[in-house]
Amino acid sequence: MLNNHDITFAARSGQLDRASHMRELAGDLLQHRRTAMLPFWRDKLLFDLSEQRPSLGWVPPLREYLDHAPDGAVFLGMSGETPCFTADFSSLDEEEAIEFFGNGAKFIDLRSVAGDLTPSSATVAATAKGVLSWHQTHRFCSRCGAPSRHDDGGWRRRCPSCGAMHFPRTDPVVIMLIIRDDQVLLGRQSAWPEGIFSLLAGFMEPGETIEDAVRRETREEAGVEVGRVRYLACQPWPFPSSLMLGCMAEALTETLTIDEVELEDAQWFSRAKIEVVLQGKHPRIMAPRKDAIARSILSAWVAGDLGRF
């Protein structure tokens with residue numbers, strides 16, 4: 001089995017209850033004496049670096065801060081009796097951002113620290129980054145083109161011109177462990193750091209099942225035909241807003257025909273070789289980053305935890 005709790009961004013968010021029924025009360029909750037806010041600035045979140053392990057940089061929602069968040073604050077949920085919010089302060093220049101939110105904290109790209117966060121903190125960070133990134137790129141109504149407005153505690157945008165309502169989007173992506181006997185198919189893209197190989201993956205298309213997307217993407221990228229497909233686990237991936245649907249699939253053919261637009265290389269690897277790669281002992285091949293679901297799936301396969309079809 002593959003436990004979602006072991007996958008970065010996929011763990012339950014600890015004590016944070018999304019409390020969607022309270023979103024319409026967000027304005028009142030911002031005034032609560034316990035309220036905490038996680039600042040976002042130019043695609044980076046605030047992290048507290050005062051301890052050995054980075055943690056989320058919660059601050060009180062002071063009016064002097066909120067005046068610089070023109071789109072308003074997003075209600076993330078309740079942590080016990082504490083209302084938790086996030087807000088985008090990208091309108092500040094770098095010097096102002098440092099002045100407001102310094103004191104041992106720093107705005108950092110989530111990618112660079114995700115693997116060092118606690119599971120619950122990583123999930124909260126992914127939620128904050130995902131919804132705020134959506135707001136940044138959906139400021140205008142897709143129906144009529146008019147400016148839309150922040151609504152429902154930040155979980156909706158409403159168009160005052162035509163009345164259309166828009167909601168945060170998530171793009172489904174299949175990512176698959178393609179196996180044949182005791183081998184797994186991995187590929188690499190030219191943009192990746194030298195030596196890294198990972199599972200094949202691709203966006204789902206309208207009208208497509210998860211299983212059909214796995215078969216299509218594997219055939220298109222590597223020329224391999226796939227039979228049985230089994231769902232394993234999923235991972236919210238906030239770069240910018242995907243849901244990685246991890247699957248295990250049975251290869252019916254072995255010959256590779258690589259789509260060189262999608263992949264620089266693809267190879268079959270034995271289980272023993274992947275074990276060496278995961279241990280960081282292979283001289284040329286590197287494993288996927290530790291916060292990626294591909295790493296979790298490969299580790300579970302090497303350990304024999306996924307079973308057979």
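For clarity, every value in this text was computed on a predicted model and none was experimentally measured.
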With side chains defined as the heavy atoms from C-beta onward, is the minimum distance between S198 and W192 less than 4.5 Å? yes

So, the side chain of D152 versus the backbone of G154: is there a donor-acceptor pair under 3.5 Å, distance only? no

Just how far is it from atom CE of M37 to atom CG of L46, taken to the nearest 0.5 Å? 9.5 Å

Smallest heavy-atom separation, A73 atom then F85 atom, equals CB-CD2, 3.8 Å

Flag, side chain of R156 to backbone of D151, donor-acceptor distance under 3.5 Å: no

Taking the side chain as everything from C-beta on, heavy atoms only, tell me whether L117 gets closer than 4.5 Å to L110. yes

Closest non-hydrogen contact found for G195 with R188 is N-NH1, 3.5 Å

Roughly how far, to the nearest 0.5 Å, is CD of E81 from NE2 of H32? 6.5 Å

With a 4.0 Å cut-off on N to O distance, would you call D212 and R216 a salt bridge? no

Heavy atoms of G77 and L16 approach each other most closely as C-CD1, 3.6 Å

D109 side-chain N/O to S112 backbone N/O, donor-acceptor pair under 3.5 Å: no

Would you call L92 and F101 a side-chain contact if the rule is heavy atoms closer than 4.5 Å? yes

Hey, does L243 have a side-chain heavy atom less than 4.5 Å from the side chain of F9? no

More than 12 foreign heavy atoms under 6.0 Å from CD of E264: is that the case here? yes

Q189 to L263 - nearest heavy-atom pair and separation: CG-CD2, 4.4 Å

For the residue pair I179 and L306, establish whether any side-chain heavy-atom pair is separated by less than 4.5 Å. no

Counting N and O atoms only, with roles assigned by atom type, does the side chain of R230 sit under 3.5 Å from a partner on the main chain of A249, one being a donor and the other an acceptor? no

Is V226 reachable from I210 through a run of hydrophobic residues whose side-chain heavy atoms are each under 4.5 Å from the next? yes

Ring geometry between Y65 and F89 (parallel below 30°, tilted from 30 to 60°, perpendicular above 60°): perpendicular

Using modelled atom types only, decide if a donor and an acceptor are shared between the side chain of S148 and the backbone of R139 within a distance under 3.5 Å. yes

Would you kindly say whether S161 and R143 are connected by a side-chain donor-acceptor distance under 3.5 Å? no

Is there a side-chain hydrogen bond (donor to acceptor under 3.5 Å, both in side chains) between T127 and R18? Walk through the geometry before answering. CA-CA 10 Å; T127 303; R18 292 196 175 214; 3.1 Å; yes

Is any side-chain heavy atom of H138 less than 4.5 Å from a side-chain heavy atom of R169? yes

Do other residues, nucleotides or ligands put more than 12 heavy atoms under 6.0 Å from the CD atom of E51? no

Should the pair H68 and F100 be assigned to parallel (<30°), tilted (30 to 60°) or perpendicular (>60°) ring geometry? tilted

Carboxylate-amine/guanidinium contact R284 E194, below 4.0 Å: no

Counting N and O atoms only, with roles assigned by atom type, does the side chain of W155 sit under 3.5 Å from a partner on the main chain of F75, one being a donor and the other an acceptor? yes

Answer yes if I293 and F203 sit in the same cluster of Ile, Leu, Val, Met, Phe, Trp and Tyr residues linked by side chain heavy atoms under 4.5 Å apart, and no otherwise. yes

E221 side chain to T218 main-chain N or O, any donor-acceptor pair under 3.5 Å? no

Working for side chain to side chain contact (heavy atoms under 4.5 Å, CB included), residues W58 and C84: CA-CA 9 Å; W58 297 105; C84 297; 3.9 Å; yes

For V184 and L177: C-alpha separation, side-chain torsions, deciding distance, then whether side chain to side chain contact (heavy atoms under 4.5 Å, CB included) applies. CA-CA 7 Å; V184 62; L177 181 82; 3.4 Å; yes

Within the 4.5 Å heavy-atom criterion, are C141 and H166 side-chain neighbours or not? yes

Would a hydrophobic clustering, with Ile, Leu, Val, Met, Phe, Trp and Tyr connected at side-chain separations under 4.5 Å, put I108 with V124? yes

Would you say that K129 contacts L45 through its side chain, given a criterion of any heavy-atom pair below 4.5 Å between the two side chains? yes

Given side chain to side chain contact (heavy atoms under 4.5 Å, CB included), test C144 with C159 step by step and report yes or no. CA-CA 9 Å; C144 73; C159 177; 3.6 Å; yes

Checking the side chain of T35 only, and the main-chain atoms of L29 only, is there a donor and an acceptor separated by less than 3.5 Å? yes

Distance col, row S90:OG vs F107:CZ, nearest 0.5 angstrom, shows 8.5 Å

Identify whether W41 and L66 are in the same connected component of the hydrophobic contact network (ILVMFWY, side-chain heavy atoms under 4.5 Å). yes

Looking only at non-hydrogen atoms, find the nearest pair between L256 and A266 and report the distance. CD1-O, 3.3 Å

What distance do T82 atom OG1 and L76 atom CG have between them, rounded to the nearest 0.5 Å? 12.5 Å

Using modelled atom types only, decide if a donor and an acceptor are shared between the side chain of T123 and the backbone of P119 within a distance under 3.5 Å. yes

Validate the cation-pi geometry between R157 and F167: distance from NZ or CZ to the six-membered ring centre under 6.0 Å, angle to the ring axis within 45°. no

Roughly how far, to the nearest 0.5 Å, is the CZ atom of R111 from the CH2 atom of W237? 6.0 Å

Can a salt bridge be assigned to the pair D116 and K290 using a cut-off of 4.0 Å between side-chain N and carboxylate O? yes

Assess whether a salt bridge exists between R271 and D182, defined as any Lys/Arg side-chain N lying under 4.0 Å from an Asp/Glu carboxylate O. yes

Hydrophobic clusters here meaning ILVMFWY residues chained together by side-chain heavy-atom distances under 4.5 Å, can you tell me if V214 and L252 are in one? no

Go through the steps to decide whether L199 and L298 satisfy the test side chain to side chain contact (heavy atoms under 4.5 Å, CB included), and finish with yes or no. CA-CA 8 Å; L199 304 182; L298 284 170; 3.9 Å; yes

Of all the heavy-atom pairs spanning A287 and V277, show the shortest one and how long it is. N-CG1, 3.5 Å

CD/E254 to CH2/W268 distance, rounded to the nearest 0.5 angstrom? 6.5 Å

Quick check: does any side chain N or O of D259 sit under 3.5 Å from a backbone N or O of V261, one acting as donor and the other as acceptor? yes

